[in-house]
Structure formats: structure tokens, C-alpha cells
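What's counted below: heavy atoms across the whole structure, side chains too, no hydrogens, waters or symmetry copies. These numbers come from a predicted model, not from an experiment. In what follows, chains are A, B, ... by sequence order, proteins preceding strands, each numbered from 1.
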Amino acid sequence: MKIIFFGTSNVALPILEALSKKHEIVAVVTSPDAKVGRKQELKESPVSVLATEMKLKLLKPVKVKGEAGFVEELSALGADMFVVVSYGKILPLQVINLPKYKTVNVHFSPLPKYRGPSPIQAALQNGDEYTGSSVFILDEKVDNGPLLSTEIIKIDSDDNYLTLSQKLAYKAAGSINQVLEDYVTGKTTPLPQDEASATYTKIISKTDGQIDWNKSAYEIYNQFRAFFPWPGVWTRWNGKVLKIIDLEPALKSQAEPGSAKNCGLVLDGGKIACGQDTFLWLKMVQLEGKKETLIQDFLNGYSEFVGSELK
RNA sequence: CGCGGGAUAGAGCAAUUGGCAGCUCGUCAGGCUCAUAACCUGAAGGUUCCCGGUUCGAGUCCGGGUCCCGCAA
């Protein structure tokens, strides 16, 4: 089958590789190179790097809709199916319906749960034990089309965005060819999603990383897992931003009933009082303008840290 | 030239108007202890990022350079 692959981030990579083993990838569409970092250097997307390595035809439209001649170019490639994984842009119907077998999307949640741009983060942040990946046929609404397959995987208690997205990506890559084959041969019937149980996620922004110390240590830990490595979690100390690079909820036996009235209070050893009489240990932090620092070193340098309050 | 913070002992940080470069931890030696990441005593460890300037005297003031980081994007 001739396939055009749409993808941008790391999670798309294993699936592109898997597809290329069974099918002819006539083109890869990815987001344009973006300026990144303090020096504003242009950086190509992970999918762009892989596609270049694989010597695949690469397209980087700024806009899918408005770009002159883009739809015609796609059409001319004569693909049988489009496959979309974490592309980052919404495709118009005009594009979706071009190929014979339409456009298939891999979404990293058990749809209709967690539709939208941050399903992996949402599962972690909510402390879910299970999540999954879904393959469905795109329609005009976001993550709304009929399902071809859903796979469930367990979330480990120490999984973060990085590890979980890897697991999901490889799991999906392992079955994608079978799912597509069953689809084109008519072995599976696309199943409409249950609209009533749909939930939605939103785009993650930097401000989502700010810690609310009134939440329990476990909620904060889940926030930390969900936003690792980006945007990370942070708080304020002495009016400065303090990034929390690593943290760990304290065991119940380390709790000190009654002392958690001041949420955000720093106790000995870098233990922080959180909501619901819980505590967490800071393990590595970074003050704005400074480097990442082990909490022991940080405490050695800033003797006034213990007893102060994080906001 | 987008905005801003920083570079001082192995690590993390101080150092007042320019005046012998300190603190906590670590390291080493000794002591105490059944024992310990505990406690006591002592020691080693510095080209204060680099180059130049001002000064009797510069970590500190001035000029230039290198590197690191936060924000924004």
C-alpha cells in the first residue's frame, strides 16, 4: 500500500518505522523547522530527522489548508491511505478524504477518553492505572472518528511522560500493520465512539507547571510525572522561580500530623508540607539563573531555605 | 544585538563604603562510641572564569572576551 505519513514528535517515530517495513511511504509530512532555544536556532522535528535518514520524500507545509499547491501535491502522490501520528495540525476534510482508505489516526488514549492534544499527560496527571492507544478513522471533529482498535497498557507508578509515551508508541507500532490490514480487508468494522463518555484534554502551557502546595503530595507527584521533561514543575521562593527537577512523595510514616498547616513550608532535609497532611521530598532543584542542584547541595548553600515558604 | 541571573576550595553559597578571601557539606588525620550518615578536635585544599585598565591596595570599580543558566519564542 502507498502511504503518506503525517507526524512530528518522537512518539511518531516507531510507528513510521513499522509502517515502512510493510508499506511504501511515498511521502512524510511534518511541521516546519522551528526556532528553538536562546540562540533561536532552527531545529527540524524528530520525524524530519528520521525521514531524512530513511531517504523519504519530506514535506513541511506551514499550513495544510492555505499553502498553494499542497493539496494537489498530496493528491498527485497517489497514496492509498494517510496515517497521522502526533502531527500537530488539524487536517481539513479535503485532505482527509483524498486517499481511497481515507486517513487513519493513532491517538494515545483509550478513546473516547482524553481526546485532544495532551492525552498522555492527562492520564499521568489523573493518576490513572491504565491508558492505551487508539486507531481510528479521522473525520471533521477532533479525535471523534470511528475506532479500528484500542490497546490498553498499564501505567507504572514511576512512569513519566517520557517513559509512558515510549511504551505507548512502541506498543502501537507493534500492531499498526495488523490493524491497517484488518481495516482494508474489511475484517474489522469501524466502530463509532460513545459520544456520552468522551472527555477532553487541553494544550499544555508553561504555567501548567506551577505547583499548588495545597494539593496533596501525590497529586503534585502526578503533575511532576505528567510534565516531565516539559514544561516541568516549578514554584516560587524569595520571589524567584524555583524549578523542581526531581521530587518524591514522602511515605505515610514520615508524616507529622498537624505540622502541615502551612502548605509550602520547607522542613528539614528539603521536605515540603503539602495539602491533606502529606509531604514530599525535593531531590533536585534549580533556581532561576543557576544550574540544577541536588537538594543536599542547595541546603548547604542556602541556609535560610529551611523554614521558608514556597508559593 | 529579545529580557534577565550567574562564574569565588571537590560541591552548594557568603564576603559591608575597595582593606589579611569565609560558611555549610565533603575529603584527610586523630578522639569518643557496641555502633553509625551521629558527636568532639585538628588539617589539607584558592591564579576569586580569561585579558587589560584605575588604585598604595581589586573578588569588589572601568573596558573587552569566554562559558553556564532562567524567561520569552
When you compare B/rA7 with B/rA15, how far apart are their C1' atoms, in angstrom units rounded to a whole number?
16 Å
Charged N to carboxylate O under 4.0 angstrom, A/D33 versus A/K43?
no
Please report the shortest heavy-atom distance between A/F279 and A/A273, naming the atom on each side.
CD2-CA, 3.7 Å
Distance check, C1' atoms only: B/rU33 and B/rA14, in whole angstrom units.
35 Å
Taking the P atom of each, how far is B/rG6 from B/rG45, in whole Å?
31 Å
If we call it a pair only when both distances are under 3.5 Å in a Watson-Crick or G-U wobble match, what pairs with B/rU55?
none
Who pairs with B/rG2 - Watson-Crick or G-U, where each distance is under 3.5 Å:
B/rC71
Pairwise C1' distance, B/rG42 and B/rG52 [rounded to whole Å]
43 Å
Would you name the heavy atoms of A/R115 and A/V142 that are closest together and state the gap between them?
CD-O, 4.1 Å
Using a strict heavy-atom distance below 4.0 Å, which residues from residues 287-301 of chain A are in contact with RNA chain B?
A/E288, A/G289, A/K290, A/K291, A/T293, A/D297, A/F298, A/N300, A/G301
Between P of B/rC69 and NZ of A/K240, the distance in whole Å:
17 Å
Figure out the CG/P separation between A/L282 and B/rG12, and round it to whole Å.
18 Å
Rounded distance in Å between the C1' positions of B/rG2 and B/rG59:
31 Å
Pair assignment for B/rA37, Watson-Crick or G-U wobble, requiring both distances under 3.5 Å:
none
Given atom CE of A/M284 and atom C1' of B/rG12, what is their separation to the nearest angstrom?
12 Å
Please report, rounded to the nearest Å, how far the C1' atom of B/rG5 is from the CG atom of A/L242.
14 Å
Given that both distances must come in under 3.5 Å, which nucleotide forms a Watson-Crick or G-U wobble pair with B/rU66?
B/rA7
Is the shortest side-chain N to carboxylate O distance from A/D128 to A/K113 below 4.0 Å?
yes
Short N-O contact, A/K240 and A/E288, less than 4.0 angstrom:
no
Spacing between A/N238 atom CG and B/rC13 atom P, to the nearest angstrom
14 Å
For A/L265 and A/G307, the nearest pair of non-hydrogen atoms, with its separation, is CD1-O, 3.7 Å
How far, in whole Å, is B/rC20 from B/rC3 if one measures between their P atoms?
38 Å
Does B/rG12 have a Watson-Crick or wobble mate here (both distances under 3.5 Å), and if so which one?
B/rC23
RNA chain B: A/Y302 or A/K243, which has the more 5' nearest nucleotide?
A/Y302
Any carboxylate oxygen within less than 4.0 angstrom of a Lys/Arg side-chain nitrogen, looking at A/R225 and A/D159?
no
Do A/K57 and A/E73 sit within salt-bridge range, that is, some charged N less than 4.0 Å from a carboxylate O?
yes
Complement of B/rG46, any strand, by Watson-Crick or G-U distances under 3.5 angstrom:
none
Taking the same atom, P, in B/rU27 and in B/rG10, what whole-Å distance lies between them?
15 Å
Roughly how many Å is it from CD in A/Q286 to P in B/rC68, rounded to a whole number?
14 Å
With rounding to the closest Å, how many angstrom separate the C1' atoms on B/rA44 and B/rC34?
32 Å
